[in-house]
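Single-structure report; data block below.
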Amino acid sequence: MTESMLFSLLPLIVTVAAALCLDVLNNLALDHLGYFIEPARLERLRDSFLVLGAVELLGAVLLALRSRINANNFVHTAELIDQSVRGRQEIVTLAALSDVAKGPPSPFYPVLRRRVVSYLEKFDPQREFKLNLGETFSRSSVLSAGAAFILMAAIIALMTVPTPAQAVAHRLRQLAGSMDVSGSGPTAQQLAAAARDVAKDLENPNLPPEQKEAELQALNQQLDKIQPPQASAQSGKGTSSGSNGNGSGGGKGSGSGEGAGNGAGKSGTGTGTGAGAGGKGNQQMLELRNDIAKAQAQLEQQAASGEKTTTAQNNSAKGNAPVPQPGKNPNASSGQNKPNGTGTIQLPQPGRLASNQTPSGQNPDSHRSDKGSMGDTHLGEFPKTGNYERYYKLGEGGQALHIRDARYVTFQLPTEIAAAAGSLTPDQARPRATTPYTNAPLKQQQMPASPDEQQLVPPRYRDLIR
Amino acid sequence: MGAAPQQISPTDRVAEFRRSFARAESEISKIIVGHRDVIRKLLAALMAGGHVLIEGVPGLGKTLMVKTAAEALGLSFKRIQFTPDLMPSDIIGTQVLTETDGRREFSFKAGPIFAHVVLGDEINRATPKTQSAVLEAMEERQVTVFGETYLLEPPFFVLATQNPIELEGTYPLPEAQMDRFLFKVVMGSPKPDELREILHRTTGATVYHPQPTFDPRQAATQIEELKTSVREVMVAEPLERYIISIIGAVTPGGPGASPEVAQYLRFGPSPRGAQAIILCAKVNALLDGRVSVSYDDVNDAIVPSLRHRLLRNFQAEAENVTPEAILEQALKRLRRSS
């Protein structure tokens, strides 16, 4: 029974430890790798681990119970002794047939009893049934390693790259947690509660970006009250170049210490807000401010893009706005640069290539018929790229057809075309074949060479050329 | 040796069984080269009170083995060569009109089946009607002629041979009749060393004769005592359950049956299969000096006891899947699960 319990103990410890260390693992993964598990998923994962631990505990109890029942089973114990002394089932036979009330089952019973006694004289229960911890733990460690592997795989599978808002929310929770632990004053407690509220709101998809941005701004102010940004590190200067619906920007921070700055710009000429901390500043606070700035920029961008197109707004309100998928549509047009357009700084985001970004609120197909122009530089126009059609490259749109050596190729035009409401209607304008076509090979054309082209074959080649 | 079982101690009875068995084996081996396992199974079936079907190609010494066994045991021996025109009365006997003191009356003329050891040579060449006559005698250990029942003197031991080739003009034994045989043993070809020994023994001037293990006047009684000893060997409940699980594992749709069993078998063994396993295991235990059956004893008895009781389907025959292969696979699966 003890062995059974010990066998189940190690996997149980691994599972429970994994459940308890999930937060730490999540923080480490975000700090060092840039990945994290979303809070809702994290909670579900922790619950799953705890359920798994409970199942393992139940299994351990069942194993122990079975061992206890077997230990009280006379015949089963006899079988174990039989195995240990190599009794060839004589002990178990004696145990199974030793019903005194029924009398001896066979005239050979005394012989059997004598043989069993001779076996048992050599049997030492202490030696044969000693607790073998090493073997138990070695078997259990294999199981534990398997459990740990599965748990780690589950954790890795659920990890994603956080958006700036999610990163800010995560850091706000961390900050709130550290404030709770340090237990410093009611102001800090209020700030911790406020940080938790903001974190919750930031992850709420139903809230408008403006509200989130306002909350972040308010939180930033609260942070400034507690820990004012140092003059040496806070001077930030933002430069941005924007376009209509798309922009790029960069921030520069300068100071005596190490600083970092982020800028958010509008209408081409950016106004930057920078946050920086000195070399010995609070690193956590610095990162939080950075993340807040990033999130503000993103929210600002979202808010700006939401005003551009009604369709996009509607879609955003429904929460199902189409997101351009990288590499899906080869004919999609890129963003058009306009020098005086209102732009928002688009911060580089992990996992999203700049070349794949389509301006928000614009239909990628709207410029499909654009022919492009060289632009009139006198009028300040820039050359405009043409929207060209191209076919799929080899392997891009599925398996390529190899028709190089084909004698003939037949293809069929669609007989029906798409109509409204997803229905199909007969295509009346479809070209009709005027000559019958079959899959028969084309007739071999025998073009007799004109007399001018006829040439006598040199005698030495006549046997070779036929 | 001639003492009643009650007068000698159980330990001596076990020792006597081992001694008699070993001596009979040794005497038969003086004539038959190799085939130690076949000889052992043949004697085990005799001690278990069953009959044996021997399968092998012609010329392997099947008939000689049976004849030698009868001589070595000191038992009466009769041989019946089965042919398509053999009638049941040719085997079990018939009423003949005789004249005694001027009175004419029918008297029973016993057939060759009235012997301790009966060799049914090429049993699959006789018609089913004749086969049935023998097989009924095997099961009932008595024959009935014109309403008169005649008991066959124990130990009544039938050894039938059949040839796996030249199947034209034969009447394969029905499954129900195959079930009457306790074991089916297969004789293989001799190894080169054994063949050389066979040549020495059979082509030289010296003629070997087995010495009877038992006094021919008391052989039947003594063998019956040994058979009683076999029946008194004990079997524990876990081993009985193991044997039952074996039967289930090779019965299509039975508990623990593998998909292969369902795929290749039409029917599994009857309860006679389990009886055969237990009896053979008991003999094995006694031969090892034990009075209780072990798992090894059971495992050794499985193939000869069950191989002729598995009724294969067409697919198994077409794919040449042997009953031995099915048994082996089922046993492997059973051991893994346990």
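Per chain, numbering begins at 1; letters A, B, ... match sequence-line order.
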- Query: How about B:Arg231: does its CZ atom have over 12 heavy atoms from other parts shown lying under 6.0 Å from it?
  - Reply: no
- Query: Hey, does B:Ser292 have a side-chain heavy atom less than 4.5 Å from the side chain of A:Arg115?
  - Reply: no
- Taking only residues at least two apart or on different chains, which pairs with a member in residues 240-258 of chain B satisfy salt bridge (charged side-chain N to carboxylate O under 4.0 Å, His left out)? B:Glu237-B:Arg241
- Query: Of all the residues in residues 80-93 of chain A, which have a heavy atom that comes within less than 4.5 Å of a heavy atom in chain B?
  - Reply: A:Arg88, A:Gln89, A:Glu90, A:Val92, A:Thr93
- Looking at A:Glu79 and B:Tyr295, what are the two nearest heavy atoms and their distance? OE2-OH, 3.4 Å
- Item | For chain B, which residues of residues 10-25 of chain A have heavy atoms nearer than 4.5 angstrom | none
- Task: Kindly indicate whether the side chain of B:Pro10, heavy atoms from C-beta on, has any atom under 4.5 Å from the side chain of A:Tyr109.
- Result: no
- Among A:Ala96, A:Pro110, A:Pro107, single out the residue with the greatest number of heavy-atom pairs under 4.5 Å to chain B. A:Pro107
- Taken in chain and number order and not counting sequence neighbours, the residues that satisfy ring pair (Phe, Tyr, Trp, His ring centres under 6.0 Å) with A:Tyr35 are none
- All heavy atoms of A:Phe108 vs all of B:Val233, minimum pair found to be CD1-N, 4.1 Å
